[in-house]
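Numbering of ligands and ligand atoms starts at 1, following listing order.
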Amino acid sequence: MSVFTAILLIFVISQLYWAWRGYSLAARRIQSRAWRMAVCTALLALYLLAYKFNLGSWRERETPVHLTLGEAVFAAPFLWWAASSLVAFLVVVLLSIPRAIAAALDRILTIRRAGAETPSPARRQFLGRTAALAAGAPFVAGAYGLLYGRLNLETTAPVIRLPRLPRPFEGFRICQLSDIHIGPFMPAEEIRKYVAIANAQKADLVVLTGDFVTFDPSTQHAVVDALRGLHAPFGVYGCLGNHDSWAGVEDSISELFRQSGVRILRGEKVAIATAGESLNLIGVDFQSPRRFGPSQPVRRLLGNIESAIDRDQVNILLSHNPDTFDRAAELGIDLSLAGHTHGGQAALEFISPEIAPSRLVTPYVAGWFSKGGGQLYVNRGIGTIFIPIRIGAPPEITVYNLSHG
Ligand SMILES: [Fe+2]
């Protein structure tokens with residue numbers, strides 16, 4: 001059974017569980033059977049309509065690049081419900097295990113101590129309320145992530161110390177945007193706001209690290225159009241992400257960017273030069289050592305850019321996938337700039353830095369890393385995929401300050 005099938009199966013079970021809980025609640029609160037059936041039928045119809053909108057034939061149309069009324073009314077609540085109800089169901093299951101053990105122990109002890117007190121009703125009530133609060137928390141967190149968390153942009157400004165940095169580049173600033181994922185929940189108007197924020201940083205160079213679209217190739221024109229306002233004295237450069245590959249737009253979006261004054265580096269290098277010195281900026285398409293969705297594994301990571309690395313210069317690599325970092329450090333690349341993980345998107349790093357789904361597939365989830373003389377920064381991106389929710393992983397624009405050390 002694949003992971004996807006397992007998640008789908010758990011999701012179906014979770015929906016049956018919540019239907020049962022909903023009906024139980026209605027049975028307690030609505031005395032009239034006719035009214036109860038009417039309310040339940042109306043809710044079920046609404047639920048099925050949301051499914052029809054989100055998963056049915058309506059979804060075969062082009063992905064909207066603006067937030068439409070339909071997306072706001074049907075898609076957003078549905079996606080919030082799908083994510084929150086699944087997590088809440090898992091919480092209920094996890095909580096029920098110790099409760100079941102405690103109840104079994106209670107029964108055993110009661111049998112052994114004939115005439116002993118049965119567990120107090122107050123304790124039962126306390127446990128029941130605690131469980132209800134815990135099961136409700138994912139719904140509250142999901143609403144927070146949808147309405148606030150995914151919009152709460154953080155502009156970070158790490159200082160990157162590069163011992164080999166030429167003097168003219170002291171204080172050189174690079175602004176990075178990543179994982180745009182244009183769609184109804186990252187509409188073109190919102191991307192233009194991020195463009196304005198990025199321009200306001202007045203960086204020397206702007207870099208884009210891929211995932212401009214999600215799955216729909218028809219959205220490529222809109223995302224390029226929204227990003228064409230980016231400008232910087234040393235230019236705007238980028239690389240492509242796995243979603244650009246999956247949508248089959250690698251060639252076409254690169255050409256659209258070229259026409260808009262943005263150069264996508266596809267296994268290429270460019271010299272960023274000033275005052276007789278230069279940095280060697282390199283970009284690669286998405287590369288992964290293992291099969292990642294429809295993307296084929298790349299046996300020799302970064303093999304296509306080995307000859308582009310200049311050991312006499314500071315080399316900066318734009319690679320969507322942070323997993324290329326280990327190889328980049330071996331090859332002597334001074335600084336890798338990546339995206340891809342969305343910082344976990346739904347990460348509970350405020351509880352523990354280890355709790356993020358992305359950590360299951362990469363050790364490089366977000367922020368700064370160093371290894372063997374190389375450095376990596378993983379930008380959390382500004383967009384989302386699948387569920388438009390961010391928890392503990394706010395969207396990010398990064399402005400790097402390069403320093404000699
Ligand atoms: Fe992405």
Side-chain angles (χ1 to χ4, degrees), residues 4 63 65 79 83 145-146 149-154 156 176-188 190-191 194-195 198 207-217 219-220 222-224 226-227 238-250 253-254 257 262 264-266 283-288 290-295 298 317-325 336-347 349 356-367 376-398:
F4 179 75
T63 305
V65 294
L79 294 169
L146 174 71
R150 73 183 175 88
L151 303 169
N152 182 27
L153 178 74
E154 192 177 16
T156 53
Q176 181 190 13
L177 282 99
S178 194
D179 296 80
I180 314 296
H181 291 293
I182 191 171
F185 300 104
M186 178 51 71
E190 200 172 318
I191 297 172
Y194 287 115
V195 166
V207 296
L208 307 167
T209 42
D211 273 7
F212 301 101
V213 301
T214 301
F215 294 111
D216 187 346
T219 58
Q220 61 181 315
V223 70
V224 172
L227 289 168
C239 67
L240 299 173
N242 53 302
H243 280 271
D244 306 314
S245 163
W246 296 354
V249 300
E250 288 177 302
I253 203 167
S254 299
F257 271 125
V262 176
I264 300 295
L265 300 170
R266 304 189 62 193
V284 289
D285 289 359
F286 179 81
Q287 296 189 18
S288 174
R290 53 186 176 273
R291 189 178 175 83
F292 191 74
S295 291
V298 174
L317 174 68
L318 308 181
S319 173
H320 181 71
N321 188 359
D323 282 353
T324 57
F325 174 53
S336 292
L337 303 181
H340 187 47
T341 62
H342 303 193
Q345 196 167 313
E349 300 207 344
S358 295
R359 214 165 282 277
L360 298 172
V361 290
T362 178
Y364 307 120
V365 175
L376 162 72
Y377 193 92
V378 185
N379 173 294
R380 295 189 297 265
I382 57 172
T384 53
I385 53 163
F386 301 127
I387 307 286
I389 285 175
R390 275 183 182 265
I391 299 169
E396 176 181 12
I397 289 177
T398 319

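Under the 30°/60° scheme for interplanar angles, the aromatic rings of Phe215 and Phe386 are found to be tilted.
Within the sub-2.8 Å shell of the Fe ion (ligand 1), the protein contributes these N/O/S atoms: Asp179 OD2, His181 NE2, Asp211 OD2, His342 NE2.
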Verdict with reasoning, Thr384 to Ile389, per side chain to side chain contact (heavy atoms under 4.5 Å, CB included): CA-CA 7 Å; Thr384 53; Ile389 285 175; over 6 Å; no

Evaluate Ser319 against Gln287 for side-chain hydrogen bond (donor to acceptor under 3.5 Å, both in side chains), listing each step before the verdict. CA-CA 8 Å; Ser319 173; Gln287 296 189 18; over 6 Å; no

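Side-chain atoms of Thr63 and Asp216 include a donor-acceptor pair closer than 3.5 Å.
A distance-only check finds no donor-acceptor pair linking the side chain of His342 to the backbone of Arg380 [under 3.5 Å].
Taking Phe325 as the reference, Tyr364 meet the ring pair (Phe, Tyr, Trp, His ring centres under 6.0 Å) condition, with sequence neighbours excluded.
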